[in-house]
Structures are given as structure tokens and as C-alpha cells.
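Only heavy atoms go into these numbers, but all of them, side chains included; no hydrogens, no water, no symmetry mates. This one's a predicted model, so the numbers in the text were calculated from it and none came from an experiment. Letters A, B, ... mirror the listed sequences (proteins, then strands); counts begin at 1.
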There are 2 protein chains.
Amino acid sequence: MAVSKAEIERRMKRFAETCRTGGLKTTHQRMEVFRELAGAETHPDAETIYRHVRRRVPAISRDTVYRTLATLEEQGLVHKAEIVSGRGRYDANMEHHHHFICTACGRVHDFYSPTLDDLPIPKSVSALGRVESTQVQLRGLCTNCAKDKR
Amino acid sequence: MAVSKAEIERRMKRFAETCRTGGLKTTHQRMEVFRELAGAETHPDAETIYRHVRRRVPAISRDTVYRTLATLEEQGLVHKAEIVSGRGRYDANMEHHHHFICTACGRVHDFYSPTLDDLPIPKSVSALGRVESTQVQLRGLCTNCAKDKR
DNA sequence: CTCTAAATAGGAACCATTCCGATTAAAGAA
DNA sequence: TTCTTTAATCGGAATGGTTCCTATTTAGAG
Ligand SMILES: [Mn+2]
Ligand SMILES: [Mn+2]
Ligand SMILES: [Zn+2]
Ligand SMILES: [Zn+2]
């Protein structure tokens, strides 16, 4: 269930390209923070990314990780999911998708649904404002945690 | 657009009843924290509630506000909306409803949609786990902020 | 009224994130 | 390549929301 070599390569290429066109310096730190996400499926938080990248870039600072994640998000290279209150969780999968969040272990699983991608927004909402994004979050026990409970 | 006197009274009655059946002491502090929400439509955060209630209960502590909000949520008297990372926002409107969140001013507006209340969950999700709750969040510019921008 | 478990006050602690000032280094120019 | 500019980084302090802790108070049962 890992991200394929080909997909990782595609993402790294897009990263390099975005740095160029966006006028961003392709620093060692920036590259390694993105590489961490390019191969991840676990929606890691900033602290987790920090700990992993530090193995490769021992002197990297937390601030750089946070700053870099914000930059990558601005550039549309990663997606920040506001899962529960507290830590943001990051994802380099930029396809339109949704999240199933386990209330026991906190794991975040992607799922796809063209129907949910394009929800019927009631007319009453247009009086409130112009909708720019929609997000569907499902919560429940994941199969793993359900098994453990028995 | 304020909550009607009748509705507030209904909510306060439910509060009293829930305290009784739930074995909760109806303390002055508890009552005033709930009263604050019973009449609110702005999804205030804990700090806002604290500042308002303090006018009536000058010695109340932040801890009590936080603890009370958690208790009220457990008892199903209020709903905690995880809006953006950071502050939780509270609501005594327990009817099934959804939120439109303005990305500029942060205001949270309720809206209703029977369709969104009962979303079609794709079969693929059942492999991930058992869904216990669903949440739809819409984000965008509210009409007020859109006006200001011009 | 008395008693006791539940609830509170106030402040310390905690934790994720951001800020800041000094230092480093990417990348365009020469 | 070397020089220069300025974006980016580092490390630690600061911030802000929330929770924890302990002594004290109090609602409500008996
Ligand atoms: Mn995802
Ligand atoms: Mn609401
Ligand atoms: Zn789980
Ligand atoms: Zn607004």
C-alpha cells in the first residue's frame, strides 16, 4: 500500500518545477521535507516530519519544518488537513479525496467519491456567501481498532 | 436574528432537566455558561464565553469554563465545532445542521440540508471502518466580507 | 443542619506553533 | 569560478489555547 516509486518521482519532479516557477530556492531542507510527504500515506504531523527528516538533515529546525509546510501548501504541493483540534496533518496526495478518521487510533484514511466531490449545496447558503471549498470528514472506529476491542 | 425568548427558555429547561437526570450539580457557574450559549448564534469560543460570563460571575475561572463546556458536550447540551486549527467553537443549537465558515472573518453560519444530513457513503469506506459521524464544512467569503473587499 | 463528594479558583504546566535576530547558503551576475 | 544579494535557516524565546494541580468551597443528600 506504499506510494509507488513512479508516483514519488512524479511528485519530486513537480516539486522541482514548482520551486523554479515559483521563485523558491530548492534548499536541502525544503527538498527533504517534501520528500518525506511524497512517499507518505499516513498524513504525518509537523513533529513527525521533523523527527524523520532530522535523520537525514540533523540540524534542521522545527521552525523550518513548519515554515516549509506552509510554503508547500501555498504552492499547492501538499494539502493540510485540519483533523481534530490540535495538530495539522499533511498529505502530498492532491487528488480530490476525503478522509475517514479513526476516533480511537487517530489514523486518517483517504477515500474517493465523485458524489461527495460535488455536493448539492442548498440555495439558502448563497445568502451566506460564496462557497470556495467543501470538506467531508467521516469519523468512526477503523477495522483495526474494532478488532482490538474484542 | 436572535434566538427567541421561548427557545432560550426551552433550552434552559432542558439544561436543568439534564443536570437532574445526569447527577450534575446545577452550580451558578454551570448555569451561566450554558445560558451564554442558549442565547448565542455566533458559535463563541471558550475565551469569549469566559469574558461574557465573568460580567455576571466575576470570580469564574477559565478552567471552569473549559471544564463546563466539556461537560455540557458530554451531556449533549451543546455541540463543539472544530472549525479551524485552534479554538473550538460552541453552539447550543442541537438540531442537525451544517456550517459555512468565512475564511476572512471566521464567522460560522448554520445552514440546514436534509440531503447533507444523510450523505451517500461509498462502499469502499466500509473496508476502512464503521462510520459513526459525518461532517460537512463549507468555506468561503461571507457576503459581508465580500462587500468590504470592494 | 451536617456531611461529603463534586465542583471551583487560581495559577502553573503543557504543547503546538510562531516569532525573532543572527547566520548561512542558493543562485544569478560578473 | 568568485562575488553579491537576499531568501532561507537555526535555535531559542515567546505566544496562546488548553489542561493539570491542589487547596477551598458548595450543592444537595440525608
Ligand atoms: Mn488525505
Ligand atoms: Mn452551528
Ligand atoms: Zn483505529
Ligand atoms: Zn466574513
Q. Quick one: B:Met31 CE to C:dT8 P, roughly how many Å, whole number?
A. 13 Å
Q.
Please verify the inter-ring angle class for A:His99 with A:His43; under 30° counts as parallel, over 60° as perpendicular, anything in between as tilted.
A. perpendicular
Q: Fit a plane to each ring of B:His109 and B:Phe100, take the angle between them on a 0 to 90° scale, and name the class: parallel (under 30°), tilted (30 to 60°) or perpendicular (over 60°).
A: tilted
Q: Let me know the distance between CD of B:Gln29 and P of C:dA7, rounded to the nearest Å.
A: 11 Å
Q. Mapping B:Arg30 and B:Arg62 to their closest nucleotides on DNA chain C, which lands nearer the 5' end?
A. B:Arg30
Q) Should the pair B:Phe34 and B:Phe15 be assigned to parallel (<30°), tilted (30 to 60°) or perpendicular (>60°) ring geometry? A) parallel
Q) Any side-chain N or O of A:Tyr66 under 4.0 Å from OP1/OP2 of C:dT17? A) yes
Q. When the distance from CD of A:Glu73 to C1' of C:dT17 is rounded to whole Å, what number comes out?
A. 14 Å
Q. B:Asp63 has an atom CG; how far is it from atom P of C:dA6, in whole Å?
A. 17 Å
Q: In whole angstrom, give the distance that lies between atom CG of B:Asp45 and atom C1' of D:dG17.
A: 9 Å
**Q.** Minimal non-hydrogen separation, A:Val78 against A:Leu37, with atom names
**A.** CG1-CD1, 3.7 Å
(Q) With a 4.0 Å limit, can you tell me whether B:Thr68 has a side-chain N or O closer than that to the phosphate oxygens OP1/OP2 of C:dA7? (A) no
Q) Once you round it to whole Å, what is the distance between C1' of C:dC15 and OH of A:Tyr50? A) 15 Å
Q: Find the distance A:Arg67:CZ to C:dT18:C1' and express it as a whole number of Å.
A: 11 Å
Q. Are any of B:Thr64's side-chain N or O atoms less than 4.0 Å away from OP1 or OP2 of C:dA9?
A. yes
Q. Side-chain N or O of A:Thr27 less than 4.0 angstrom from OP1 or OP2 on C:dA26?
A. no
Q: Let me know the distance between CG of A:Leu24 and P of C:dG28, rounded to the nearest Å.
A: 12 Å
